[in-house]
Amino acid sequence: MSPALLSLPQVLVVLPLLLLVPCFTVSTHPMGTNNHSQAQMLQSMSMAPAERETLFHVMETMSSDRDWRFSNPDPCMPGSLWPGIECKPGSDNHLHVTRLDFGATPNPTCKNTATFPSEVFDLPYLQSLFFFNCFKTTKTSLSMPPPGYKPAAYASLQQLSLKSNPSLIGPIPPHISSLSSLQVLTLSQNHIHGKIPEGMSGLTSLVHLDLSYNSLTGSIPAQLGSLSSLTGLDLSYNSLTGSIPPSIGQLSLLQKLDLSSNSLSGSVPESLENLGFLAFLALSNNKLSGQLPNGLPKLQNVQYFIMDGNPMFVPLPYQLGRLSKLQELRLANSGYSGSIPRSFALLANLTTLSLENNRLTGEIPAGLSGLSRMYHLNLSRNMLAGVVPFNAGFIKRLGRNLDLSGNPGLCLNGSESSDSISVGVEVCRGNRSASSRQQQPLRSPARAPSSLFSNFPLLLGCLALWAVTGF
């Protein structure tokens, strides 16, 4: 059996993780050489003295795990290779550092006094640089030599990741655009502040940009729309303001767009309909309002549409029912009105539908009960009415993941109710469900009012007593 292929959203999740896999093995060998000749070749090679001295200085700045200079005087040599380092042979018959990882075991841990080592950009063949949970005590910033200095790594670096560093502060340096070969830039979960540099548009090779979970302010630069190779853009959990620039629609290869948890305002630009490869869209917890783009059905690859927590105050767009690959639709806490579009019943791949705390009215579309992949449905705190159209099998399958509470007009068919599962809705009464009347608990019937003629003998007795006694 062939191995299962990852779906596109799974790839979007796995790819950044693969980039953080610790690297501590020896490098690749030139094409056309076998293992034996490779070993002999590496033994005869060494690092250039200047590059080795730069590496020693970087390691001494970052880590006190060992005496790097004396315990491993040949950092790239097989048998004495440092953890967290990758070296490759160059055409100049020297071994060169191509990757450094800090912070996560088994890579070198960072000492309390560690600060960002700007000298690392002097490693001429460096391609990948990772700092994970590294700068935790001493305040530091992403310091880069000025472009005029022309550090060697500015041309070679392809991946730069600084993630989960609580003491990493300061702005993103404007001349980060000098990293002309950069493909992956991750500056997530730090305390970086200031504006996003407009010059980042010069990173024309960039494929993945993640600036999430920082304290960035200002607007999203329209110039980011020129990053034509970008497939992933994550600016979530910052303090960005202004509108979403229409130029985002120029990122035709974009597969993930996450702008959630900012203070963005205005409407969603019509240009988003041009993102034909988009699989993940998150715009939740902003100040967006108004109608969604008319061309929404063009996003035929969208699987995750997350836009809860915005003051939209418009009817739910029926066009969302045309996104055939949609798996999660989250539109809670957004003031949507009107009825739930019946087109939502066409979303055969839908697993999660979250519409709670809106102003929705009317009945629940019966077609939703036919969504066999649904496992989470929340329609609570609306103004829905009528009989819940779900059978006992649907209710049992979702269990506690089904919430219909806070809709006083809803009721549950008695034949479909379950004593073990509460969905926040009472069993129907009256004439709305014949079966519900049969399932109601037995109660003592109210006594019917007595008629005059049914108690006629008692009445005659009372009259006779009154005639004799006068009472």
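We use all heavy atoms of the structure for the numbers below, so side chains are in, but hydrogens, waters and symmetry mates are not.
Judged by distance alone, with hydrogens and angles left aside, the side-chain atoms of E270 form a donor-acceptor pair with the main-chain N or O of N294 at under 3.5 Å. Using modelled atom types, no side-chain atom of N407 and backbone atom of G409 make a donor-acceptor pair closer than 3.5 Å. Judged purely by atom type and a 3.5 angstrom limit, T115 has no side-chain atom pairing as donor or acceptor with the backbone of T140. Proximity of a side-chain donor or acceptor of S284 to a complementary backbone N or O of S260 within less than 3.5 Å is not detected. The backbone N or O of P166 lies less than 3.5 Å from no partner atom in the side chain of N190, so there is not a single donor-acceptor pair. Under a 3.5 Å cut-off, the side chain of D65 and the backbone N or O of T109 do form a donor-acceptor pair. The backbone N or O of N214 lies less than 3.5 Å from a partner atom in the side chain of N238, making a donor-acceptor pair. At distances below 3.5 Å, at least one donor-acceptor pair connects side-chain atoms of S334 with backbone N or O atoms of N310. With S141 contributing its side chain and I169 its backbone, the two residues share no donor-acceptor pair below 3.5 Å. With hydrogens and angles disregarded, a donor-acceptor distance shorter than 3.5 Å links the side chain of Q300 to the backbone of R322.
More than 12 heavy atoms of other residues, nucleotides or ligands sit less than 6.0 Å from atom NZ of K111. Within 6.0 Å of the NE2 atom in H175, the count of heavy atoms belonging to other residues, nucleotides or ligands exceeds 12. Within a 6.0 Å sphere centred on CZ of R397, other residues, nucleotides and ligands contribute more than 12 heavy atoms. Within 6.0 Å of the CD atom in E426, the count of heavy atoms belonging to other residues, nucleotides or ligands does not exceed 12.
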Inset, instruction - Please report the C-alpha distance between L283 and I244 in whole Å, then the side-chain angles of each, then the deciding distance to 0.1 Å, and finally whether the side chain to side chain contact (heavy atoms under 4.5 Å, CB included) criterion is met. - result: CA-CA 10 Å; L283 304 175; I244 301 174; 4.1 Å; yes
Inset, instruction - Applying side chain to side chain contact (heavy atoms under 4.5 Å, CB included), run through F390 and V423 and close with a yes or a no. - result: CA-CA 11 Å; F390 306 139; V423 298; over 6 Å; no
Inset, instruction - Evaluate side chain to side chain contact (heavy atoms under 4.5 Å, CB included) for D258 paired with L235, printing each intermediate quantity in order. - result: CA-CA 6 Å; D258 192 347; L235 306 179; over 6 Å; no
Legend entry - Residue pair D101, R99: steps toward the salt bridge (charged side-chain N to carboxylate O under 4.0 Å, His left out) verdict: CA-CA 7 Å; D101 290 78; R99 174 167 176 155; 2.9 Å; yes
Inset, instruction - Test D308 against N333 for side-chain hydrogen bond (donor to acceptor under 3.5 Å, both in side chains), laying out the working first. - result: CA-CA 6 Å; D308 45 327; N333 308 310; 5.1 Å; no
Inset, instruction - Let me see the working for V268 and M307 under side chain to side chain contact (heavy atoms under 4.5 Å, CB included), right down to the final yes or no. - result: CA-CA 11 Å; V268 179; M307 201 177 165; 3.4 Å; yes
Inset, instruction - Go through the steps for T113 and T138 under the test side-chain hydrogen bond (donor to acceptor under 3.5 Å, both in side chains), then give the verdict. - result: CA-CA 6 Å; T113 58; T138 304; 5.7 Å; no
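Residue pairs that meet the ring pair (Phe, Tyr, Trp, His ring centres under 6.0 Å) test with at least one member in residues 232-252, sequence neighbours left out, are Y213-Y237.
Closest of all the heavy-atom pairs between G276 and N301 is O-ND2, 2.8 Å. Taking every heavy atom of both residues into account, P311 and N286 meet most closely at CD-O, 3.9 Å. Listed here is the closest heavy atom pair of L320 and F344: CB-CE1, 3.8 Å. Minimum heavy-atom separation, S369 to A366: OG-O, 2.7 Å. Across all their heavy atoms, I172 and P197 have their closest contact at O-CG, 3.5 Å. Between P83 and P106 the shortest heavy-atom distance is CB-O, 3.4 Å.
Side-chain atoms of Q291 and S267 form no donor-acceptor pair, as typed in the model, at a separation below 3.5 Å. In the model, S164 has a side-chain atom that pairs as donor or acceptor with a side-chain atom of Q189 under 3.5 Å.
Interatomic distance, CD of Q158 versus OG of S205, reported as 9.0 Å (0.5 Å rounding). We find the CG-CD1 distance between L227 and I248 to be 9.0 Å, quoted to the nearest 0.5 Å. The structure places CD of Q183 at 13.5 Å from CG of L209, a figure rounded to the nearest 0.5 Å. Distance check, rounded to the nearest 0.5 Å: CZ of R429 to SG of C411 gives 10.0 Å. If you take CG on L168 and NZ on K136, they are separated by 14.0 Å, rounding to the nearest 0.5 Å. Taken from OG in S212 to NZ in K163, the straight-line distance is 7.0 Å, to the nearest 0.5 Å.
L230 places none of its side-chain heavy atoms less than 4.5 Å from the side chain of L224. Annotation: side chain of L185 is not in contact with side chain of L179 (no heavy-atom distance under 4.5 Å). Under the 4.5 Å side-chain criterion, counting only non-hydrogen atoms from C-beta, L331 is in contact with F305. L384 is listed as a side-chain neighbour of I340, based on a closest heavy-atom distance under 4.5 Å. You'll find the side chain of I220 reaches within 4.5 Å of the side chain of L264, heavy atoms only. When side chains are defined from C-beta on, L329 does not count as touching L323, because their heavy atoms never get closer than 4.5 Å. Using a 4.5 Å cut-off on side-chain heavy atoms (C-beta onward), N382 and Y336 make no contact. Under the 4.5 Å side-chain criterion, counting only non-hydrogen atoms from C-beta, L272 is in contact with L281.
Taking the six-membered ring where the residue is Trp, F131 and F102 present parallel rings, their angle staying beneath 30° rather than reaching 60°.
Contacts of T351 classified as side-chain contact (heavy atoms from CB on, under 4.5 Å), with partners at least two apart in sequence or in another chain: Q327, E328, R373, Y375.
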